[in-house]
Amino acid sequence: MKAVSGGNGEFWGWKWEHKRRRIKQSKASKSSDSATGRGGGGYWFPLKQAVTAGALALTGDTVAQVTDRWKKNKPSKRHSYDQDASQNSNDNQVSDFIGIFLSDHDWLRALRMTSYGFLLYGPGSYAWYQYLDRCLPKQTVKNLMLKVLLNQIVLGPSVIAVIFAWNNLWQGKLSQLPEKYQRDALPTLLYGFRFWIPVSVLNFWAVPIQARVAFMSTGSIFWNFCLSSTLNK
């Protein structure tokens with residue numbers, strides 16, 4: 001009887017323990033889904049990558065705006081320096097630089113670039129890199145070259161098409177978009193090949209997927225400088 005009872009007790013004990021484990025696993029799975037931001041539709045917004053891309057797009061645009069104002073003010077600034085060689089020249093240089101940096105800053109243009117990075121480039125490029133890693137998971141030379149090739153013929157033209165459209169939409173100039181594509185899209189794309197091909201090789205070869213948007217966005221400081229200058233010339 002003891003043996004039977006002990007056997008039953010062990011059986012029922014195992015049964016209830018098994019049920020408890022299944023309930024815990026189910027709860028852990030649900031909490032994991034909610035923690036990663038997956039909703040009922042299974043969509044997850046990569047907030048970290050979006051913020052990083054937005055911040056770096058803003059940085060690139062700021063550099064472009066300050067550089068453009070600095071070039072425009074350079075002749076008059078040099079003329080004033082030749083006329084005034086007093087002891088306060090250093091203070092004047094500092095005040096001139098601060099004035100160039102802060103005055104006439106186009107905040108709407110900065111918002112356009114920031115929103116593009118946050119809403120479009122960050123999430124879109126993160127999804128693209130995940131897709132490439134699922135399709136080509138092995139770190140071989142062949143896969144590396146395929147990733148770089150696909151990056152240039154798919155992501156590159158897509159980025160240029162989207163940012164041109166985004167910029168013209170904000171400015172209310174969608175009717176001028178075909179002309180903008182015809183005039184600037186191909187030269188911008190070809191110029192981008194020279195910069196992005198070596199950057200892409202390094203990105204796919206040495207950078208983990210979690211950091212790829214940040215790495216490419218850091219390179220985008222220079223590229224956003226070029227794009228911002230192209231979009232607003």
Side-chain angles (χ1 to χ4, degrees), residues 43 45-77 97-129 131 150-197 199-200 212-233:
Y43 178 73
F45 184 78
L47 182 61
K48 181 179 178 182
Q49 288 78 10
V51 170
T52 301
L56 292 172
L58 174 62
T59 303
D61 177 70
T62 302
V63 172
Q65 289 200 48
V66 171
T67 302
D68 185 55
R69 291 199 299 273
W70 181 268
K71 288 178 180 178
K72 287 178 179 178
N73 289 320
K74 205 171 182 180
S76 60
K77 182 181 66 173
F97 177 79
I98 294 175
I100 290 170
F101 184 79
L102 296 177
S103 65
D104 301 325
H105 195 77
D106 190 343
W107 294 106
L108 186 60
R109 168 179 161 178
L111 182 59
R112 284 200 305 269
M113 293 299 294
T114 305
S115 61
Y116 158 75
F118 181 82
L119 295 174
L120 301 174
Y121 180 76
S125 59
Y126 180 73
W128 169 249
Y129 294 137
Y131 175 75
L150 289 170
N151 217 41
Q152 300 310 308
I153 65 175
V154 176
L155 184 63
S158 299
V159 165
I160 291 173
V162 169
I163 194 171
F164 278 23
W166 185 255
N167 186 70
N168 278 42
L169 176 65
W170 273 68
Q171 293 179 325
K173 298 178 180 179
L174 281 178
S175 59
Q176 301 176 16
L177 186 58
E179 181 186 349
K180 184 72 173 176
Y181 282 145
Q182 188 175 7
R183 185 179 68 246
D184 294 327
L186 185 59
T188 305
L189 182 64
L190 294 177
Y191 186 77
F193 285 161
R194 290 183 286 172
F195 175 74
W196 284 117
I197 288 178
V199 172
S200 295
R212 283 180 186 167
V213 171
F215 177 79
M216 295 295 276
S217 294
T218 303
S220 291
I221 292 179
F222 169 77
W223 184 238
N224 287 330
F225 164 79
C226 297
L227 282 179
S228 185
S229 301
T230 301
L231 290 171
N232 294 277
K233 68 182 182 180

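Since the model is a prediction, treat every value here as computed from it, not as a measurement.
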Taking [Y]'s backbone N and O only, do any of them form a donor-acceptor pair with [X]'s side chain (distance below 3.5 Å, no angle check)?
X: Asn168; Y: Lys173; answer: yes
X: Thr67; Y: Ala64; answer: no
X: Tyr129; Y: Arg212; answer: no
X: Gln152; Y: Phe193; answer: no

Interatomic distance, Tyr121 atom OH to Met113 atom CE [nearest 0.5 angstrom]: 11.5 Å
Distance in Å, Thr188 OG1 paired with Ile163 CD1, rounded so as to fall on 0.5 Å steps: 10.0 Å
Looking only at heavy atoms, what is the nearest atom pair of [X] and [Y], with distance?
X: Tyr116; Y: Val159; answer: OH-CG1, 3.1 Å
X: Gly117; Y: Ala53; answer: O-CB, 3.3 Å
X: Gly156; Y: Leu189; answer: C-CD1, 4.0 Å
X: Ala110; Y: Asp61; answer: CA-OD2, 3.3 Å

Ion pair Arg69/Asp104, N-O distance below 4.0 Å: no
Test log, rule side chain to side chain donor-acceptor pair (under 3.5 Å), inputs Ser115 and Trp166: CA-CA 9 Å; Ser115 61; Trp166 185 255; 3.2 Å; yes
CZ (Phe195) with more than 12 external heavy atoms under 6.0 Å: yes
